[in-house]
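Data first, discussion second: the structure below is written as structure tokens.
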2 protein chains.
Amino acid sequence: MITVDALPACPVETTLTLISDKWKILIIRDLLDGTKRFSELRRSIGHISQKVLTANLRQMEADGLVHREVYAEVPPRVEYSLTDTGRSLEIVINALRDWGERYKANRVA
Amino acid sequence: MITVDALPACPVETTLTLISDKWKILIIRDLLDGTKRFSELRRSIGHISQKVLTANLRQMEADGLVHREVYAEVPPRVEYSLTDTGRSLEIVINALRDWGERYKANRVA
DNA sequence: CGGTATCCAAACTGATACTG
DNA sequence: CAGTATCAGTTTGGATACCG
């Protein structure tokens, strides 16, 4: 858990502290579509190792962005979803998406 | 220069390819205030080494985000500014800033 | 299935020294 | 001033093996 005191003064840096890792943004992008299991998430993100995905999800859970629900079944099932805070990042993701689309369009033009 | 062909299909990932490095976002944040010399930029960003700042600026120049102007003086003067494409990232930066402010406010509350 | 633990190679970073 | 070059130290990441 990143405490308030440890957050940088600049709000831009605050956000970067929480999601600058590129995987985190992709995790949020994919969880915006709804709850996903660990393996589903791994597949939808693309090329990410189990270790790195786990580490990212644990941090995001600690930071209050992601909710982790463990079902006591055999075989085990673990589902990940966005918290309200995590979902509020949709605005940021959309800004990234819009800009990426325009950048590509300009490059082709 | 990242060619169009090399850009990921997902526009979110395209944007990340260009600016996911946290320094790049801070560089853009600071250049949004106007043209800056190398040393000014280094100071305004905070704790960044000369090597890393140079490397980031070179890449951003190649990607068409930043303009580099060298003045043939002694001592030399090099000024960096945003291109139109670079400046268009202001929307993204603002989204990051707004979200960071809200996140901190909620943490305190 | 969804992890954790371990090892190792590769990437990044920081400090330092030097230059046009 | 604004770099480039080099090298050691730290981090990061992938591969593998094993567990509840």
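Numbered from 1 within each chain, the chains take letters A, B, ... in sequence-line order. Just so you know, these numbers use all the heavy atoms, side chains as well, and skip hydrogens, waters and symmetry mates.
Phosphate proximity of C/dG3 to A/Tyr80: present, with a side-chain N or O under 4.0 Å from OP1 or OP2.
Of the possible donor and acceptor atoms, none in the side chain of A/Ser81 sits under 3.5 Å from a partner among the backbone N and O of A/Thr35. Judged by distance alone, with hydrogens and angles left aside, the side-chain atoms of B/Lys22 form no donor-acceptor pair with the main-chain N or O of A/Thr17 at under 3.5 Å. For A/Thr15 (side chain) and B/Leu96 (main-chain N/O), a donor-acceptor pair under 3.5 Å exists by modelled atom type.
Running 5' to 3' along DNA chain D, contacts with non-hydrogen atoms of chain A at under 4.0 Å begin and end at D/dG13 to D/dG20.
Residues from residues 65-74 of chain B that place a heavy atom under 4.0 Å from any atom of DNA chain C: there are none. If you check residues 41-57 of chain A against DNA chain C, the residues with a heavy atom closer than 4.0 Å are A/Gln50, A/Lys51, A/Thr54, listed by number. Remark: nothing in residues 19-28 of chain B comes within less than 4.0 Å of DNA chain C through any heavy atom.
By the 4.5 Å heavy-atom criterion applied to side chains, B/Ile25 and B/Ile93 are counted as neighbours.
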Q | Stepwise salt bridge (Lys or Arg N to Asp or Glu O under 4.0 Å) test for A/Asp21 and A/Lys24 | A | CA-CA 6 Å; A/Asp21 188 337; A/Lys24 289 186 182 173; 5.5 Å; no
(Q) Working note: A/Tyr103 + A/Glu101, criterion side chain to side chain contact (heavy atoms under 4.5 Å, CB included); need CA distance, chi angles, decisive distance, verdict. (A) CA-CA 5 Å; A/Tyr103 184 84; A/Glu101 274 164 6; over 6 Å; no
Q. A/Arg68 and A/Arg58: side chain to side chain contact (heavy atoms under 4.5 Å, CB included), yes or no, with the steps?
A. CA-CA 9 Å; A/Arg68 179 169 181 261; A/Arg58 290 287 187 281; 3.2 Å; yes
Q: Using the side chain to side chain contact (heavy atoms under 4.5 Å, CB included) rule, take A/Leu32 and A/Arg87 through it: C-alpha gap first, then chi angles, then the decisive distance, then the call.
A: CA-CA 7 Å; A/Leu32 280 169; A/Arg87 199 164 15 253; 4.1 Å; yes
Q. What's the verdict on side chain to side chain contact (heavy atoms under 4.5 Å, CB included) for B/Met60 and B/Ile28, showing C-alpha distance, side-chain angles and the deciding distance?
A. CA-CA 10 Å; B/Met60 295 169 78; B/Ile28 293 161; 3.5 Å; yes
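For A/Arg29, the side chain to side chain donor-acceptor pair (under 3.5 Å) criterion is met by B/Glu13, not counting sequence neighbours.
Tested against B/Val66, the residues B/Thr83, B/Asn56, B/Thr85, B/Leu31 include a single side chain to side chain contact (heavy atoms under 4.5 Å, CB included) partner, B/Leu31.
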Contacts under 3.5 angstrom, residues 38-45 of chain A side chains, donor-acceptor by atom type, not counting sequence neighbours:
residue	atom	partner	partner atom	Å
A/Glu40	OE1	A/Arg37	N	2.8
A/Arg42	NE	A/Ile48	O	3.0
A/Ser44	OG	A/Asp30	OD2	3.0
A/Ser44	OG	A/Glu40	O	3.4
A/Ser44	OG	A/Leu41	O	3.1

